[in-house]
Amino acid sequence: MIQVTLPDGSKREYQDGASPLDVAESISKSLAKKALAAKVDGQMWDLVRPLEGDASVAIITERDAEGLELIRHDAAHVLAQAVQELYPDAQVTIGPVIDDGFYYDFARKEPFSTDDFDRIEAKMREIVDADYPIQREVWDKDAAIAEFKRIGEDYKAQIIDDIIPPGEAITVYKQGNWFDLCRGPHLPSTGKLPKAFKLMKLAGAYWRGDHRNEMLQRMYGTAWASEKDLKEHLTRLEEAEKRDHRKLGAQLDLFHLDGMAAAGSVFWHPNGFQVWRQIEAYMRRRLDTSGYEEIKTPQLMDSVQWEKSGHWGKYRENMFIVPDFIPEGDEGVEISVPENAKLMALKPMNCPAHVEVFKSGQKSYRDLPLRLAEFGCCHRNEPHGAIHGIMRVRQFTQDDAHIFCREDQIVEESIQFCRLLESVYRDFGFEKIAVKLSTRPDVRAGDDATWDRAENGLKAAVDAAGLPCELLPGEGAFYGPKLEFQLTDAIGRVWQCGTLQLDYVLPERLGAEYIASDGSKQRPVMLHRAILGSMERFIGILIEEFAGAFPIWLAPVQVVVAAISDDAAGAYAEEVAAELRRTGLRVEVDRRNETINYKVREHSLQKVPVIAVVGAREAEERKLALRRLGSNGQQVITLDEALVSLTVEALPPDLKRARGS
RNA sequence: GCCGGCUUAGCUCAGCUGGUAGAGCAUCUGAUUUGUAAUCAGAGGGUCACGGGUUCGAGUCCUGUAGCCGGCACCA
């Protein structure tokens, strides 16, 4: 007999060899029917796999997070089986569970097409209907390799060979006459898989994630416990697509991109640049009140400078190189660069230039910490496949700053930075911030004591700002640990925005030093830091976050004064707009010969926060009928009242705080 | 950079098995002067991404290039 402890703490006895399914059946028929797998002493366990002694057992159903994971994992297996039945020349590789679904990587000469999806999904349903029992088997490693090789599954054989330690057994799961290497667990049979799955997209992916390896074909799918969940997920995707910053950028006339004219660079239109200006002005105020000094450094610097900084060697392939010469000849004559022409490069980052500013003149310990900030326009020749809307571009402007300080000032500076960053993100409406702390890599500069201090300092800083933090061991740069602050776009892609990096190396390379209190020359430590990351990326994320409906302080146009008819209220509309503009509001007038319905609709679609409708009545009484975006009520107030309330309402968050309101 | 897909009017798209381009919105013009999410009518607008080829004939077929999209790799 074995004793089983249930999640509620109660204990029951079973025959030796009893499985979690027996346990479920003894509790209730419906639980046995809903059961997908079990957790045995905290470990995932197949439903029909016999228990190996006394244990605590929890039955997993589709309601549990683990249940959904099982469903997705099984969906991946069923997909693989379906594909191999339809396309015997396809080899299987791996098929893990991911957010919202799963994927499976296949090796096959012939490319798959999304047109194949219907067929494959139909086959998957057939496999579910067939209700094959899914059976766990334990195989000897060498025998498994031989068997997978025999059936032509070279990738599987390689996985087993590489991943499983010699002598260790592996588990194989069989469903029908198909089987796969798998740690498990799985559902008891394919019939338990809800048919709420759908193949989503095809993509290329390198074997084992290494670009030197061959490319496999990855099929992405989504799978859910019910049709309803699936449908909701698809609806969410559709909604997210509408928030795509590229789509909204065009609709709201914020910017455009032209891959022919300037691949990976943004043409900002008046509306989009107005948002930019507001953000930049806000950041300037925050920096000015946080002890930073703003500078402006050259766009082009001589290659010698980049050699000194070390970028010329390793980073060169990402830099735009500009030969320093005057081309000869007329139009039509091919330009040839003289062999002796000096080379310059557009800056891919601002740090070397900031060190130059630090180095000009003598610096004393009294000058530290010196915080040099720049809205620095950088160019990086990114791999073409990496460019994405305005999130990943080749020309971008960082809200960059470098803090030069003594080592004993690192912690305090880091704490101040994290607090500032947290407050800035909050002002933009971001509450959830993902923070990653990347610690010392295997190959690194500096001694362990220094790394200890640096890493602990960063951790203390994150804690002081009250931010949760995830560790990425070994992911730091060779010159120091770093903090990365990440925000998520509309469809769940994560983008790095803020960063804080400790650097002992660059000041050394470029020979930065200050005079210490004892008169000796000392090396400053350098903190690379950005809050928004890049203006482009941050605005892209803001667009998606707000679905284009910016808060009023950021909105390109804050108020539209719409006249019901030009004859009755056109002149008054102009007067109102002039008054509002005098207070600093960004106002447009709509006197067009259109119905008020049309105007309200159009400005609503343009996400203007406030529409001030004026007709004969308002003109007569010197009032405004205000309509807020997202509500269809009206607020009729006097022009004088509106001047006060709108001005306050449109204040940026930092200025609102400063007013103490 | 790699794999796959896509590229037709300013935008969103249609164009069957090859027979010399079409809709809606937008724009312009005219009428209408309007009370909170589309007033009516008319007009203009395209080297069908670019280059080569097959064909009597190519938006449609083949091929090269570029860009974009989805992933992968990259993001020191």
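Each chain gets a letter, A, B and so on, in the order its sequence line appears, and its residues count up from 1.
Taking atom OH of residue A/Y104 and atom P of nucleotide B/C72, one finds them 18 Å apart after rounding to whole Å. Straight-line distance from the CD atom of A/Q634 to the P atom of B/U36: 7 Å, rounded to whole Å. One atom, CG of A/N213, and another, P of B/C72, lie 16 Å apart when rounded to the nearest Å. Whole-Å rounding puts the A/L216 CG to B/G4 C1' distance at 13 Å. Remark: P of B/G4 and CE of A/M200 are 22 Å apart, rounded to the nearest angstrom. Taking atom CZ on A/F117 and atom P on B/G70, their separation rounds to 16 Å, with Å as the unit.
In this structure, of B/G67, B/A37, B/G70, it is B/G67 that holds the atom nearest to the side chain of A/H384. Side-chain proximity of A/P383 to the nucleotides B/C75, B/G1, B/A38 is greatest for B/G1. Among B/A37, B/C69, B/C75, the nucleotide with an atom closest to any side-chain atom of A/R601 is B/A37. With B/C72, B/C75, B/A38 as the choices, the nucleotide that has an atom nearest any side-chain atom of A/R380 turns out to be B/C75. Nearest nucleotide to the A/E618 side chain, out of B/G67, B/G35, B/A37: B/G35. Ranking B/C72, B/U33, B/G70 by closeness to the A/K201 side chain, first place goes to B/G70. The A/A386 side chain lies nearest to B/A73 when the options are B/A37, B/A66, B/A73. The side chain of A/P111 lies closest to B/G4, out of B/G35, B/G4, B/A66.
Within 4.0 Å of A/L605, counting heavy atoms only, lies at least one base atom of the nucleic acid. Within the 4.0 angstrom heavy-atom criterion, no nucleotide atom of any strand lies near A/H603. Within the nucleic acid shown, A/A205 comes within 4.0 Å of sugar-phosphate atoms alone, with no base atom in reach, counting heavy atoms only. Within 4.0 Å of A/G310, counting heavy atoms only, lies no atom of the nucleic acid at all.
Atom P of B/G1 sits at a distance of 34 Å from the matching atom of B/G46, rounded to the whole Å. Here, B/C61 and B/G18 have their C1' atoms 8 Å apart, quoted to the whole Å. Only the P atoms considered, B/G44 is 45 Å distant from B/G4, to the nearest whole Å.
Taking every heavy atom of both residues into account, A/V393 and A/E382 meet most closely at O-CG, 3.8 Å.
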Starting at the 5' end of nucleotides 39-44 of chain B, put B wherever the base has a protein heavy atom under 4.0 Å, S where only the sugar-phosphate does, and a dash everywhere else. B-----
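Side-chain nitrogen and oxygen atoms of A/H211 include none within less than 4.0 Å of the OP1 or OP2 phosphate oxygen of B/C2. Between A/H388 and B/C69, a side-chain N or O to OP1/OP2 separation shorter than 4.0 Å is absent.
Remark: RNA chain B forms stems of 3 or more consecutive Watson-Crick or G-U wobble pairs, all pair distances under 3.5 Å, at B:1-7 with B:66-72, B:10-13 with B:22-25, B:27-31 with B:39-43, B:49-53 with B:61-65.
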